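The structure appears right after this line, and notes come after that.
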Amino acid sequence: RLIVGGNGHVSGRSSSERAAVEDLEAWTKEHFPGAERTHAWSAQDYRASDRVPFVGRMPRTSGRVFVATGYNKWGMTNAVAAALTLSAQILEGSMPWASALRNRGSLPKLMGGVRPNASVAYVLAKDWSQATLHALPAEDPPEGAGLVGRGPRGKPVAVSTVDGVTCRVSGVCAHLGGVVRWNDAERTWDCPLHGSRFAPDGTLLEGPATGDLGRE
């Protein structure tokens, strides 16, 4: 079995997820002749602003809740390290190396979150501007395609056609108001701000949003 990875991108910010998958497949066939694809998937990998997993007590829970997150794609090893770290904290053990995974809150590390949030603000403003400037075309999108444009009420509307069924839903993510984009590989609506994902009919697939996209 051969696993090939690459073409990473921020959720909702790829010009074509399908093209990224096809490029990986072409590269694999070139370098490993005879290899046949059996599975393909895309995962969201979270990481802390300083790129070190956060493991330990969750703030503002009086020490009753422990969390492990931000593995940055290295869950096979970081999850094991997190388990050892948490068990040591709960059972009052000692693992000096584990101190790197907790008690991080210095100003330089907190400032590491400024750039990603600035990028989110830029994408939010740009997408709203583009979506409201261009009205939806009269024709439905072709099979497997989706598009976003200004609806009758002046707000972004997302339209897609999957398996012969055309759906019209709100183009605004239910989390913090980002304008969703079409994922042509998974055939989903993805939010470019924080990675929420929705089915063509607006059903929530993955958070942080907690609600569906409204039907139009």
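Only a predicted model underlies this, so the values are computations on that prediction, with no experimental measurement involved.
When atom types are taken as modelled, the side chain of Ser196 and the backbone of Ala209 share a donor-acceptor pair closer than 3.5 angstrom. Using a distance-only test at 3.5 Å, with no hydrogens or angles considered, a donor-acceptor pair links the side chain of Thr161 to the main chain of Pro141. Put simply, the side chain of Ser16 gets close to the backbone of Ala19: a donor and an acceptor are under 3.5 Å apart. In this structure, the side chain of Asp184 engages the main chain of Arg18 through a donor-acceptor pair within 3.5 Å. Formation of a donor-acceptor pair under 3.5 Å by the Glu206 side chain with backbone atoms of Gly195 is not found in this model. Looking only at distances, a side-chain donor or acceptor of Asn7 sits under 3.5 Å from a matching main-chain atom of Ala20. The main-chain N or O of Leu24 is found under 3.5 Å from a side-chain atom of Thr28 such that the two form a donor-acceptor pair.
Under the 4.5 Å side-chain criterion, counting only non-hydrogen atoms from C-beta, Trp189 is not in contact with Arg181.
Val10 is linked by a side-chain contact (heavy atoms from CB on, under 4.5 Å) to Arg13, counting only residues two or more places apart in sequence or in another chain.
Using a cut-off of 4.0 Å between Lys/Arg side-chain N and Asp/Glu carboxylate O, Asp201 and Arg168 are scored as not salt-bridged. Ion pair Glu17/Arg187 not flagged as a salt bridge, since none of the NZ, NE, NH1 or NH2 atoms sits closer than 4.0 Å to an Asp/Glu carboxylate oxygen.
For residues 207-216, the set of pairs meeting the side chain to side chain donor-acceptor pair (under 3.5 Å) definition, not counting sequence neighbours, comprises Arg153-Glu216.
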What verdict does the side chain to side chain donor-acceptor pair (under 3.5 Å) test give for Thr188 and Arg197, after you've listed the backbone C-alpha separation in whole Å, the side-chain angles of each residue and the deciding distance to 0.1 Å? CA-CA 7 Å; Thr188 59; Arg197 301 178 62 239; 3.2 Å; yes

